[in-house]
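Notes for the one structure printed next.
All values derive from a computational prediction rather than experimental measurement. Order of the sequence lines sets the chain letters (A, B, ...), proteins ahead of strands, with each chain counted from 1.
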There are 2 protein chains.
Amino acid sequence: MTSTEHQEHGRADAPLAGVRPTRQRLAVAAALEAFDDFRSAQEIHELLAQRGEKVGLATVYRTLQRLTESHDVDMLRTEDGEAIYRRCSDTHHHHLVCRECGATVEVEGPAVERWTSSIAAEHGYADISHTLEIFGTCTACTAG
Amino acid sequence: MTSTEHQEHGRADAPLAGVRPTRQRLAVAAALEAFDDFRSAQEIHELLAQRGEKVGLATVYRTLQRLTESHDVDMLRTEDGEAIYRRCSDTHHHHLVCRECGATVEVEGPAVERWTSSIAAEHGYADISHTLEIFGTCTACTAG
DNA sequence: GTCCGGTTGAGAACCGTTGTCAAATCCCCC
DNA sequence: GGGGGATTTGACAACGGTTCTCAACCGGAC
Ligand SMILES: [Zn+2]
Ligand SMILES: [Zn+2]
Ligand SMILES: [Zn+2]
Ligand SMILES: [Zn+2]
């Protein structure tokens with residue numbers, strides 16, 4: 001558990017809380033702010049390189065992993081299994097994603113949340129998580 | 001395009017339609033019938049080996065790929081990106097999957113289907129598809 | 001300054017998956 | 001029954017995303 005580490009350092013509610021805000025970690029966080037779409041770790045690494053920020057690929061992966069675990073970024077998988085990341089709002093939500101351009105809309109569905117947990121309870125499954133993503137073609141891509 | 005191949009052979013509605021029902025392909029199909037849970041390609045390959053059916057791993061992958069494309073099996077990805085396969089019912093449904101043992105329950109949620117299409121329409125997205133999977137730990141795995 | 005644990009990064013390792021291509025197999029027609 | 005040509009197979013290599021390794025590198029505490 002990460003919760004056993006000493007938490008006196010850093011604010012408990014900010015991204016990168018409880019860890020050293022190193023140049024590399026701040027750079028990854030900044031890159032995520034720069035994007036509005038889901039991006040792969042390698043794309044983020046590439047953007048950092050273009051910006052002149054030298055950050056090792058392993059560090060990008062480690063940082064994204066940490067941010068995902070702390071729910072500061074959303075991670076989902078493309079059709080072919082690649083992990084992609086996006087800085088999202090704090091509340092639980094899902095995504096409406098354009099399969100052409102990647103434009104993303106956050107969506108909430110309290111009824112769906114209730115439905116999934118009732119289904120799980122009904123069958124005795126514990127420690128539930130769920131994935132729900134909607135893919136389509138946005139207006140811009142339909143027009144273009 | 002696979003649609004350019006001659007399709008006169010085989011029934012158009014059966015699994016493996018339009019391709020030679022070779023020993024290997026039949027063995028993979030049989031293995032899928034034997035399982036009631038989602039299984040990875042490598043697990044299926046291993047089962048075939050245990051049964052004495054010698055089928056190359058590449059052939060297992062190729063066959064599963066073909067069956068997935070023809071919608072004769074469902075393919076989804078575990079939380080760490082691995083593809084898993086299952087022979088399912090024909091109607092549209094989603095899954096409640098044990099992340100330990102793969103035990104699967106098919107679930108239907110008409111309300112969810114309606115919700116996803118209304119969300120999509122609301123934002124002007126067209127040509128909609130969606131993924132919805134629920135992961136948890138089944139009673140057997142919780143007990144064990 | 002020294003200490004010391006957290007952090008980094010280059011590269012290797014890992015692992016699921018796909019590509020390669022010669023050999024085997026099947027199907028059709030003679 | 002015996003070619004012949006397309007399909008299929010499988011051992012193995014290659015690939016791509018991700019994680020591991022571990023020596024070097026910080027950066028606060030004292
Ligand atoms: Zn999100
Ligand atoms: Zn949800
Ligand atoms: Zn299914
Ligand atoms: Zn559905």
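- Of the listed nucleotides (D:dT7, C:dG6, C:dG16), C:dG6 has the atom at the smallest distance from the side chain of A:R20.
- For D:dT18, one of the phosphate oxygens OP1 or OP2 lies less than 4.0 angstrom from a side-chain nitrogen or oxygen of A:Y61.
- Mapping B:V55 and A:L57 onto DNA chain D via the closest heavy atom, the residue that lands nearer the 5' end is B:V55.
- For the pair B:R77 and A:R23, both in contact range of DNA chain C, the more 5′-proximal nearest nucleotide belongs to A:R23.
- Taking 4.0 angstrom as the limit, A:T22 places a side-chain polar atom (N or O) nearer than this to OP1 or OP2 of C:dT8.
- If you check every strand for non-hydrogen atoms under 4.0 Å, B:R25 touches sugar and phosphate atoms only.
- In this structure, A:E79 places its CD atom 15 Å from C1' of C:dT17, rounding to the nearest Å.
- Whole-Å rounding puts the A:K54 NZ to D:dC25 C1' distance at 16 Å.
- In this entry the distance linking CD of A:Q42 with P of D:dG16 reads 10 Å, nearest Å.
- You'll find the side chain of B:T63 stays beyond 4.5 Å of the side chain of B:Y85, heavy atoms only.
- Taking atom CZ on A:R66 and atom C1' on D:dT18, their separation rounds to 17 Å, with Å as the unit.
- Distance from the side chain of B:V19 is smallest to D:dT8 among D:dT21, C:dT7, D:dT8.
- A straight line from OH of B:Y85 to C1' of C:dT17 spans 9 Å, rounded to a whole angstrom.
- Counting to the nearest Å, the P atom of C:dT18 and the NE2 atom of B:H45 are 15 Å from each other.
- Distance, A:R39 CZ to D:dG17 C1': 18 Å, rounded to whole Å.
- Minimum atom distance to the side chain of B:Q24 is reached by D:dT9, of the listed D:dT9, C:dG16, C:dT25.
- Aromatic ring pairs are classed by plane angle as parallel below 30°, tilted from 30° to 60° and perpendicular above 60°; the pair A:H94 and A:H130 is tilted.
- When the P atom of C:dC26 is taken as reference, atom CG of B:L26 falls 12 Å away, rounded to whole Å.
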